[in-house]
Amino acid sequence: MTVLAFKMSRYANGVSCLHGRVTRRAWQALWPHHREDEVPVGHITNGVHVRTWLAPAMQELYNRHVGADWGENLPDPKMWARIDSVFDAELWETHRTLKATLVSFVRREAEAQRRRNNHSEELIEAAKTTLDADVLTIGFARRFATYKRGNLLFTDMDRLRRLLLDPQRPMQLIFSGKAHPDDEPGKELLRTVYQSSLLPDLRARIVFVEDYDINVARHLVQGVDVWLNTPRRPQEASGTSGQKVLLNGGLNLSILDGWWAEAYDGLNGFAIGNGVCHVSTAEQDKRDCESLYHVLETEVVPLYYDQDEHGVPHGWVARIKRAIRTLGWRFNTDRMVRDYVRECYLPSAGVNSCAMPR
Ligand SMILES: *Cc1c(COP(=O)(O)O)cnc(C)c1O
């Protein structure tokens, strides 16, 4: 089908810079007279529809500080630079409120699903006090396809326990997602996460939300502190859920794959690994896993809990602002559709796209 599509199309592109490169390498044989970098496959990186995913409270914050017309100028970098004029305390307070909303949502979901699954009255009751809005909150929600490695954080349970149960600087996890009904290894990953969420010592710090859909996704991306993504590079063509947390004030913690490989600049989120792949997947998993724990222990947790006397983590908020300023204008559908019109649709129709206004 891919060959047929290439041969029948006037234009082809990858959905992130890295995906374009991987595609040129994978299909070079179709263009035997071209060097790999001359294979006619470019890239247009995916974006998300901001008004679908952005929390109303953040929309209001942008109305106040970025300008009432921010929604019409999403791909404008100069506009997003105005985020630096927002007081840290105001941005943090808005985020804290959204996180509290997420905690209430997850408690309600956990209670309902435990009732539905005939769990003990004790476990159902426990759902009402699970999670804590003051605790560093990591979200992970996507299809449980094996290459996305939804269980990577659960590789070393002792190390995970130390992170979750630290008396001064704890961490909590909200997971969601479905596996394909025929994907047995995928279902096995999901089982690991789900069973961990019911362990007596961890269940106040890990929740698995069933029936992942757009509504669950919307709650998660609007309230988490950190969005975790652990694909086996370079298999994530783009990934978009991490883009949904950007303008909501969440930070990405991700393998340098898909969109994150071109987005991360060292200070606008966190990276797992250094973008180097190993021929052995077992070895790559081991290295990525070590890096994930290391980054959590030495960067993410310390930065989050470095808070002033009012509970505002200024270093953390600086990263949020940097993410909004450096990434907000790029990873939205307005920019994406503009790129498709300019680079694909108009040239394919024989129209000179240089005549289009910027
Ligand atoms: C955004 C979204 C996805 C895609 O997320 P990825 O990061 O690309 O895996 C899948 N399902 C739902 C419900 C979503 O909201």
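The figures that follow rest on heavy atoms only: side chains count, while hydrogens, waters and symmetry mates do not. Counting starts at 1 for both ligands and their atoms, following the listed order.
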Minimum-distance protein heavy atom relative to atom 11 (N) of ligand 1
Tyr212 CE2, 3.5 Å
What residue and atom, counting heavy atoms only, is the protein's closest point to atom 4 (C) of ligand 1, and at what distance?
Thr240 OG1, 3.7 Å
Between the main-chain N or O of Phe208 and the side-chain N or O of Gln113, is there a donor-acceptor pair closer than 3.5 Å?
yes
Please check whether Ser241 reaches ligand 1 - meaning an N/O of the residue sits under 3.5 Å from an N/O of the ligand, judged on distance alone.
yes
Same apolar cluster (I L V M F W Y, side chains within < 4.5 Å links), Leu251/Ile255:
yes
Show the atoms of ligand 1 that are less than 4.0 angstrom away from any heavy atom in Arg142.
9 (O)
Can you tell me if Asn13 and Glu343 form a side-chain donor-acceptor pair at under 3.5 Å?
no
In terms of atom number and element, which parts of ligand 1 are under 4.0 angstrom from non-hydrogen atoms of Ala217?
15 (O)
Side chains of Pro40 and His34: closer than 4.5 Å at any heavy-atom pair?
yes
Is there a polar contact, in the sense of an N or O pair closer than 3.5 Å, between Asp213 and ligand 1?
no
Of Arg218, Arg143, Lys244, the residue with the heavy atom nearest atom 3 (C) of ligand 1 is Lys244
Path from Leu253 to Val317 over hydrophobic side-chain contacts below 4.5 Å:
yes
Here the atoms of ligand 1 under 4.0 Å from any heavy atom belonging to Lys148 are 9 (O)
Side chain to side chain contact (heavy atoms under 4.5 Å, CB included) between Trp329 and Lys78, intermediate numbers included
CA-CA 9 Å; Trp329 62 277; Lys78 285 193 300 296; over 6 Å; no
For the 3.5 Å polar cut-off, considering only N or O atoms, please tell me whether Trp53 and ligand 1 meet it.
no
Of the options Phe105, Tyr212, Trp53, which is the one that meets His219 in a ring pair (Phe, Tyr, Trp, His ring centres under 6.0 Å)?
Phe105
